[in-house]
Amino acid sequence: MPAFSKIEKKWQKLWLKAGVYEPDLKSSSKGNKDPFYNLMMFPYPSAEGLHIGSVRTFTGVDIYGRLKRMQGFDTFEPIGLDGFGINSENYALKIGKHPMKLAKVTEKNFYRQLEMIGNGFAWNEKLETYDPEYYRWTQWVFVQMFKKGLAYRKKSPVNWCPSCKTVLADEQVVAGECERCGSKVEKKNLEQWFFKITDYAEQLLRDLEDLDWSEKVKIAQKNWIGRSEGYSIKFPLVGVPGQEDRKHVVEVFTTRPDTLFGATFIVISPELAKRWFDIGWQASGSVAKYVDEALMRRGRGQDSEAENEKTGVFSGINAINPANQEKIPVWIADYVLDTYGTGAIMAVPAHDERDFEFAKKFDLPIREVISPDGRDHDLRVSFTDRGVLINSGKFNGINNEVAKTEITDFAGGEKKVHYRLRDWLISRQRYWGPPIPMIFCEACRTAGKGERPEMPGWYAVQEKDLPVKLPFIKDYQPQGTGTSPLAKSKEFYKVKCPGCKADAKRETDVSDTFLDSSWYFFRYIDTKNKKAPFDRWRARKWLPVHMYIGGAEHAVLHLMYARFITKVFKNWGLINFDEPFKKFRAHGLITKDGAKMSKSRGNIVSPDEYIKKFGVDVMRVYLAFLAPFDQGGDFRDQGITGITRFLARVGKLESKLAKNSKEALDEGSEKLFHQTMKKVGEDIENLHYNTAISQLMVLLNKLETLPSVPWTVYENFLKMLAPFAPFLTEELWQKFKKAKSFKKQNSIHLQDWPKFDKNKIKEDRFNLVVQINGKVRATLDAPVGISEKDAEKLVFEDESIKKYFRPPGGGSPKKTIFVPNRLINFVV
RNA sequence: GCCCGGGUGGCGGAAUGGUAUACGCGAAGGACUUAAAAUCCUUUGCCCUAAAGGCUUGUGGGUUCGAGUCCCACCCCGGGCACCA
């Protein structure tokens, strides 16, 4: 066994035994240390184990946590497994192993690897989302959502993945494809459970402002919520068969009411047309045919493709433009989305690209009403910029921004805000998740009874009956029938109605994995609580999370859901804050040969072989040195030798230790030493691990040239390296301190972080850069604080610079720029 | 199409508007060694035999005494959103 392996094993054991990384969760008082909750996104365990990218993320999070611990914080760095969900289940299906059994295997393997990587995890608080003691509270959350009216059932067109055989939330559909398996997502009309996240759209958007988060994640959330301020305008309908004219209206949502005079037709979505059929509109055969075909295309996921030719049909109905009383046709077309606004638009071809394209194709009138110069033009493309109104009656000549409210008022419209965000679809027709803890009673439904008036027949499982355990069933394959495999298990679904005691049926769908992970950071602080999801006093001390690090790919998924659940908890009075993560930083992605690591590409790099070959410390330092933490990069093992050398040289420094503790550094080295203490601390704080390490290398290079290394320098060097290489530094530290037996408080990882002396960083001399016309011609040694006059004198005394002046050696420069303590530039 | 990142030696990368290429890898030469590995020392952006000099941060402009850094236009790579009215 290599020496490093022995050291790793030894310290893992001793740290664990001494509880070096266990914070004081029990007491609700702060004590003499401030709490620091250092959280990483917990992994979903796959059978092939951790890959190098996750190791880089986790050790990166740990480096930060170790700095905080040494800065005197009571640091809490928990770990767990997000083991429920389609991903784990799909893998189980593939290898033909039952998910429940597979979970035990992957759990073991994952924890083995997570123990190896040298993180200061608080192992006493680990959790797994598939543990009934955990998901009992996930179900509890669902029950509360139901009781408070935030969970509801609705039949609507939902995303359906034909390969995963389940519905998906909007957030899990990426470019029309299933986030998990890449299959084309279809639309199915199904009755499903939803959470009313849209109730919180405004708050979720507003509170983004003050969050200290990676900017790109904030932007992604903002765009996802998609607040759009617009106006709603009603167009009376004429020519509806069998209906009086102007009895019905079509309501449109627009952000451009200023173009109302240019609205030359109306377009409604096929879905809206279908609803009009349902309330009695008898459309012609060709219209009905178009609607059917369009809906079918949508069902196959063929809408929303920009390259698709526009299709549509005239409905036979007309509408009255409220601005000019003009009669305009109502068209049905699938370029209008039903899920946004009202499912109907006023088409202004002159000023909207899509309307323009449609008008051209179907030869509909195009009327210019906004003009950059007040004149009419022959439009070849739509004009979407600002301008003044023309062809708009009494509004001609006014600025289009001003016209927005004026025309809205004139047409009897009103201001309206729309969001792109839609409610969170929670149901999954799969096996490997927490059963949704609801009971449905047909008798009660018929009688109009139930726990909530708006949902007759539905009852939440009582708290004392939680968890509703996921049964072990042999036949766990997804069915594709729109129901979960649990629907086949009578023992599971047969239950008495909590209301009338008649035979009733359990909900057989399970909930979305993202519900499991939306609240896990609350549970970490109190994993053994059997009375509540978490203790509110502990929450007061430990939450919100101080630092959260994870992948940016969760910007609109996990991070949005966690914020939503937190806001809900706040509303319920469980907590006194409304944002879960004070600070969030996205890490970069590690690729292999330029491609994302994935099983299908076969380019997954396993950390095991590297750890075995080079040791954990080398692995950690290398991964931190490879690229800026927030950037990521391509994994190559090329540079790893450099790190092996670096750590070996650190080990050798011991032989250079000064004979007595009084010895000090020379002035130049002393300065570098203090600069290093400053920079390493600051760099870790900013997650600039690569530059922190390079600074340590610079210092080491210097120390090696010295005849001896003073004790304090050696001590502090080890401390600065400790977050990166926890094993080696602990070993060297204990040896240096000549410790007989290991005690928690003697661990290097609980020592005070080095403090630099800012007076020692001050330079008294510097390189004065001499430029002629902006080109560097010389550098001269000069005292700090030198005046412009003295600097000039210094330059003129220097032989090598004389030739640049005109005439050489004489003449005065046209201009002199002097930057104190940096440079002097002569323009000649 | 829109919104974010990013483009710097052979490679990973470093640079508050002020000495571009820190640190590391690789490469070349040398020391030690019977030899190799390891280790140590030296060199290493490009052009030029060398010196002197010149050129160089995706491309082209601009601002400035001075631009990798700021502004404008464009090209390429990565990511997100995408018929959202």
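This structure is a prediction, so every number in the text was calculated from the model and none was measured. Naming convention: chains lettered A, B, ... in sequence-line order (proteins, then strands); numbering from 1 in each chain.
- Rounded to the nearest Å, the gap between the P atom of B:A67 and that of B:U49 is 30 Å.
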Reading 5' to 3' through nucleotides 1-15 of chain B, protein heavy-atom contacts under 4.0 Å coded B for base, S for sugar-phosphate only, - for none: --SS------SBSS-

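- OP1 or OP2 of B:G26 has at least one side-chain nitrogen or oxygen of A:Arg645 nearer than 4.0 Å.
- Base orientation of B:G29: anti (glycosidic angle beyond 90° from 0).
- Here the side chain of A:Asn767 is nearest to one of B:C83, B:G18, B:U19, namely B:U19.
- Comparing B:G66 with B:U19, their P atoms sit 15 Å apart, to the nearest whole Å.
- No engagement by A:Val556 is indicated, since no non-hydrogen atom pair under 4.0 Å with the nucleic acid exists.
- Looking at A:Asp630 and A:Arg585, no side-chain N of the basic residue comes within less than 4.0 Å of a carboxylate O on the acidic one, giving no salt bridge.
- Following rounding to the nearest Å, A:Asn825 (CG) and B:G18 (C1') show an atom-to-atom distance of 9 Å.
- Aromatic ring centres of A:Phe826 and A:Phe796 lie closer together than 6.0 Å.
- Closest contact between the side chain of A:Arg649 and the listed nucleotides B:U19, B:C40, B:A85 involves B:C40.
- A salt bridge is defined here as a Lys NZ or Arg NE, NH1 or NH2 lying under 4.0 Å from an Asp or Glu carboxylate O, and A:Arg256 with A:Asp352 fails to meet this definition.
- Contact annotation for A:Val827: backbone-only contact, meaning every heavy-atom pair under 4.0 Å involves sugar-phosphate atoms and none involves a base.
- Of the candidate nucleotides B:G18, B:A85, B:U19, B:A85 has the atom nearest to the side chain of A:Ile345.
- Each of B:A22, B:G26, B:A85 was ranked by its minimum atom distance to the side chain of A:Ser694; first place goes to B:A22.
- Between B:A85, B:C81, B:G18, one nucleotide has an atom nearer to the side chain of A:Leu823 than all others, and that is B:G18.
- Considering A:Tyr335, A:Trp331, A:Phe356 as possible partners of A:Phe362, the one that fulfils the ring pair (Phe, Tyr, Trp, His ring centres under 6.0 Å) test is A:Trp331.
- Between B:C65, B:G26, B:A85, one nucleotide has an atom nearer to the side chain of A:Thr255 than all others, and that is B:A85.
- Under 4.0 Å is where a charged nitrogen must lie from a carboxylate oxygen, and between A:Glu251 and A:Lys416 at least one such pair does.
- Here the two rings, on A:Tyr419 and A:Tyr200, have centers that are 6.0 Å apart or farther.
- Comparing the P positions of B:A36 and B:A20 gives an interatomic distance of 41 Å, to the nearest angstrom.
- Mapping A:Val698 and A:Thr779 onto RNA chain B via the closest heavy atom, the residue that lands nearer the 5' end is A:Thr779.
- With sequence neighbours excluded, the residues satisfying side chain to side chain contact (heavy atoms under 4.5 Å, CB included) with A:Asn825 are A:Gln771, A:Ile817, A:Leu823.
- Side-chain N/O atoms of A:Thr644 include none lying less than 4.0 angstrom from OP1 or OP2 on B:A38.
- Within 6.0 Å of the NZ atom in A:Lys360, the count of heavy atoms belonging to other residues, nucleotides or ligands does not exceed 12.
- Of the N and O atoms on the side chains of A:Trp424 and A:Glu171, not one donor lies less than 3.5 Å from an acceptor on the other residue.
- For the pair A:Gly341 and A:Val776, nearest-nucleotide mapping onto RNA chain B gives the more 5' position to A:Val776.
- Comparing B:G9 with B:G5, their C1' atoms sit 24 Å apart, to the nearest whole Å.
- Residue contacts for A:Thr339: at a heavy-atom cut-off of 4.0 Å it reaches no nucleic acid atom on any strand shown.
- The separation of B:C4 from B:C55, taken at their P atoms, amounts to 36 Å, rounded to a whole angstrom.
- The closest donor-acceptor contact from the side chain of A:His351 to the backbone of A:Phe383 lies under 3.5 Å.
- No donor-acceptor pair closer than 3.5 Å links the side chain of A:Asp334 to the backbone N or O of A:Ala294.
- Note on A:Asp355: nothing from the nucleic acid sits closer than 4.0 angstrom, heavy atoms only.
- Distances from the side chain of A:Lys652 to the nucleotides B:U39, B:A85, B:C83 place B:U39 closest.
- In RNA chain B, the stems built from three or more successive Watson-Crick or G-U pairs (distances below 3.5 Å) are B:1-7 with B:75-81, B:10-12 with B:23-25, B:26-31 with B:39-44, B:45-47 with B:53-55, B:58-62 with B:70-74.
- Between A:Ser228 and B:A85, a side-chain N or O to OP1/OP2 separation shorter than 4.0 Å is present.
- With both ends at atom C1', the span from B:G78 to B:G17 equals 28 Å, rounded to whole Å.
- A distance of about 25 Å separates the P atoms of B:C74 and B:A82, rounded to the whole Å.
- Aromatic ring centres of A:Phe629 and A:His688 lie farther apart than the 6.0 Å criterion allows.
- Contacts of A:Ala359 classified as side chain to side chain contact (heavy atoms under 4.5 Å, CB included), with partners at least two apart in sequence or in another chain: A:Phe265, A:Pro349, A:Leu364, A:Ile366.
- Each salt bridge (Lys or Arg N to Asp or Glu O under 4.0 Å) pair with one or both residues in residues 639-652 of chain A, not counting sequence neighbours, appears once here: A:Arg649-A:Glu704.
- Distance CZ (A:Phe358) to C1' (B:A85): 14 Å, rounded to an integer number of Å.
- Remark: the separation of the C1' atoms in B:U33 and B:G26 is 24 Å, to the nearest Å.
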All N/O contacts under 3.5 Å from nucleotides 51-53 of chain B to the protein, with atom names and distances to one decimal?
| residue | atom | partner | partner atom | Å |
| --- | --- | --- | --- | --- |
| B:G53 | OP1 | A:Tyr804 | OH | 3.0 |

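- Among the protein residues, A:Glu553 comes within range of no part of the nucleic acid, since none of its heavy atoms lies under 4.0 Å from any strand.
- Counting to the nearest Å, the P atom of B:U39 and the CG atom of A:Asn701 are 14 Å from each other.
- Closest approach to the A:Ile817 side chain among B:C83, B:C23, B:C65 is made by B:C65 (side chain taken as heavy atoms from C-beta onward).
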